[in-house]
Amino acid sequence: MLRFAPSPTGDMHIGNLRVAIFNYIVARQRGEKLLIRIEDTDKERNIEGKDKEILEILDIFGIKYDNVVYQSSNFHIHQEMAKKLLEEKKAFACFCSEDEIAIEREKAKLEKRPYRYSGKCEYLTPKEVEKLKNKKPFVIRIKKPENPIKFNDLIKGEIELTPFDIDSFVILRADLTPTYNFACSIDDMIYDISLVIRGEDHLSNTPKQIHIRKALGYDKEIEYAHLPIILNEDGKKMSKRDNASSVKWLLQQGFLPEAIANYLILLGNSFEREVFTIEEAIEFFDLSKISRAPAKFDIEKLKFLNKEHMKKIKDLAKRFNVNSIYEDLLQIFKDESSTLKEIKEKFDKVFEKSTDEEFSREREILKKEILENELEENYDDFKKRLQANTGLKGKKLFMPLRELLINQKHGAEIKDLYKAMKPYLKEIIKNR
RNA sequence: GUCCCCAUCGUCUAGUGGUCUAGGAUACCGCCCUUUCACGGCGGCGACACGGGUUCGAAUCCCGUUGGGGACGCCA
């Protein structure tokens with residue numbers, strides 16, 4: 001079983017979505033199930049409704065999963081496991097206050113050395129522990145391992161972390177809730193996860209999680225693949241400040257889910273084809289071939305892919321919830337737009353009044369001519385008549401004419417527009 | 001600061017010692033099409049971070065430098 005484990009603490013990030021897509025693809029390739037695990041261990045930061053939003057987004061992208069679980073519902077198991085480690089002396093109660101730790105951390109920074117837990121509470125006698133337990137709040141720390149922890153990452157290769165870098169870290173908070181690493185490690189164990197695909201920012205958590213399971217006596221090896229992170233234009237990690245990092249924002253901008261998914265799969269990869277769907281990618285995607293270097297997000301390339309995927313859409317009127325007589329016009333706008341939003345903006349403009357001064361006189365002449373006569377079947381005949389009866393020609397004919405049609409000076413060929421708009425052309429021009 | 005990861009056109013990448021005067025895509029520029037713009041067709045610009053090795057031969061292997069990124073929470 002594979003899993004996608006988002007925390008419900010903010011908008012879905014494209015990096016997260018990429019992780020979800022890859023988990024889905026690989027689960028399908030391996031014929032394994034996909035579990036969605038909502039990591040809601042931090043009560044303070046959980047945002048009401050974000051879990052539903054995440055599931056909706058997975059749905060929009062066509063990511064099918066077999067089950068959804070909430071990490072908080074396993075708290076009792078996490079607590080039991082912590083108790084077990086405590087009894088086996090693989091973990092210990094730590095009475096250091098947050099202030100004390102903060103001071104030590106500050107000191108380490110000043111001395112330009114990495115902060116590590118002092119080990120102060122590790123060797124308290126059982127009697128001392130009992131005494132302190134009644135007086136002070138405490139956390140549970142797991143003892144750091146005796147030997148380095150090694151694992152083989154499917155993307156990064158062999159990774160090793162020393163006991164010093166793993167450190168004796170907190171597994172249970174003072175309020176008895178588990179920390180991320182502890183809950184995650186145990187849940188991966190109890191749901192029998194075979195492969196964890198996640199972002200590179202978790203790379204140094206992995207040895208800690210392996211250490212936890214080893215301490216619990218779980219021998220089965222879980223495979224890992226850590227994806228390089230996505231950088232913004234400036235080469236920094238994409239954050240909430242970057243609009244494009246939000247899946248919701250991209251969707252609002254009129255990017256198709258198919259195109260976004262396509263782009264996220266393509267990023268850091270190379271295939272024979274560049275334009276494809278998630279389902280098609282299952283055929284040729286290879287996790288081990290992802291570039292190990294972080295990649296910059298390029299919205300221009302996304303636009304290109306969006307255009308490609310938009311070509312396939314035949315029911316734009318339905319998508320925009322407008323009368324199907326406008327389908328042909330929408331299709332013309334589609335050819336010159338790179339997002340749905342762009343199409344819609346061009347379409348909406350057709351129904352607005354023209355305010356442009358430059359050709360207002362020519363527009364009036366043409367408007368009168370068009371409204372007073374029957375429309376020709378053929379555009380060329382229509383054009384000839386306008387030319388003959390108004391005396392307008394060249395730029396002074398075509399620019400105002402296009403403005404009458406679509407309220408823009410530039411755009412698709414008038415011939416095509418005429419054909420598409422003929423049934424309702426007079427209506428539009430009347431209100432222009 | 002410490003640990004870990006990474007390094008080919010602006011961007012995403014192909015490339016696993018000779019087939020590389022480095023291929024593709026995108027972006028950009030030009031021409032054609034179009035009485036305009038876009039689409040489409042054709043073409044162009046553009047990269048092996050640097051310095052040492054190894055080798056007959058290095059984008060490719062090794063070392064170093066530089067640069068970038070990630071991690072160092074009772075966040076996930």
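Numbered from 1 within each chain, the chains take letters A, B, ... in sequence-line order. The shown structure was predicted, so the numbers you read here are calculated from the model rather than taken from an experiment.
- Every residue was checked against the ring-ring contact (aromatic ring centres under 6.0 Å, His included) condition with A:F164, not counting sequence neighbours, and none meets it.
- Each of A:E403, A:E358, A:E362 was compared with A:K409 under the salt bridge (charged side-chain N to carboxylate O under 4.0 Å, His left out) criterion, and only A:E358 meets it.
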Check your understanding: Can you give one letter per nucleotide of nucleotides 39-49 of chain B, going 5' to 3': B for a protein heavy atom under 4.0 Å from the base, S for sugar-phosphate only, - for none?
Key -> SS---------
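- A straight line from CG of A:N269 to C1' of B:U26 spans 16 Å, rounded to a whole angstrom.
- Applying the salt bridge (Lys or Arg N to Asp or Glu O under 4.0 Å) test to A:E44 and every residue at least two apart in sequence or in another chain returns nothing.
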Practice item. Evaluate side chain to side chain contact (heavy atoms under 4.5 Å, CB included) for A:F182 paired with A:T41, printing each intermediate quantity in order. Key: CA-CA 10 Å; A:F182 196 56; A:T41 55; over 6 Å; no
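- Put simply, CG on A:N152 is 13 Å from P on B:C5, counting in whole angstrom units.
- At whole-Å resolution of the value, NZ in A:K409 and P in B:A38 are 16 Å apart.
- A:I299 places its CD1 atom 16 Å from the C1' atom of B:G10, with the value rounded to the nearest Å.
- Taking the six-membered ring where the residue is Trp, A:F271 and A:F285 present tilted rings, their angle falling between 30° and 60°.
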Exercise for review: Quick one, give me the B/S/- string for nucleotides 70-76 of chain B, reading 5' to 3', where B means a protein heavy atom under 4.0 Å from the base and S means that only happens at the primed atoms, P, OP1 or OP2.
Suggested key: SSSSBBB
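- Checking each of A:K107, A:R105, A:K120 against A:E100 for a salt bridge (charged side-chain N to carboxylate O under 4.0 Å, His left out) leaves exactly one that passes, namely A:K120.
- Which of B:U36, B:C12, B:A25 sits closest to the side chain of A:L267 comes down to B:C12.
- You'll find that the side chain of A:I159 is closest to B:C5, out of B:C12, B:C5, B:A25.
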Are any protein N/O atoms closer than 3.5 Å to N/O atoms in nucleotides 29-35 of chain B? If there are, list each pair with its distance.
| residue | atom | partner | partner atom | Å |
| --- | --- | --- | --- | --- |
| B:U35 | O4 | A:Q387 | NE2 | 3.3 |

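- Nearest nucleotide to the A:K112 side chain, out of B:C6, B:A25, B:G1: B:G1.
- Across residues 270-285 of chain A, A:S270, A:E274 each have a non-hydrogen atom less than 4.0 Å from an atom of RNA chain B (numbered order).
- Judged purely by distance below 3.5 Å, without hydrogens or angles, the side chains of A:T179 and A:N181 never pair a donor atom with an acceptor atom.
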Review point. Given the rule in the salt bridge (Lys or Arg N to Asp or Glu O under 4.0 Å) test, do A:K384 and A:D380 qualify, once you have shown the distances and angles that lead to the verdict?
Key: CA-CA 6 Å; A:K384 272 180 202 152; A:D380 285 327; over 6 Å; no
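- Atom CZ of A:F297 is separated from atom C1' of B:U13 by 17 Å (rounded to the nearest Å).
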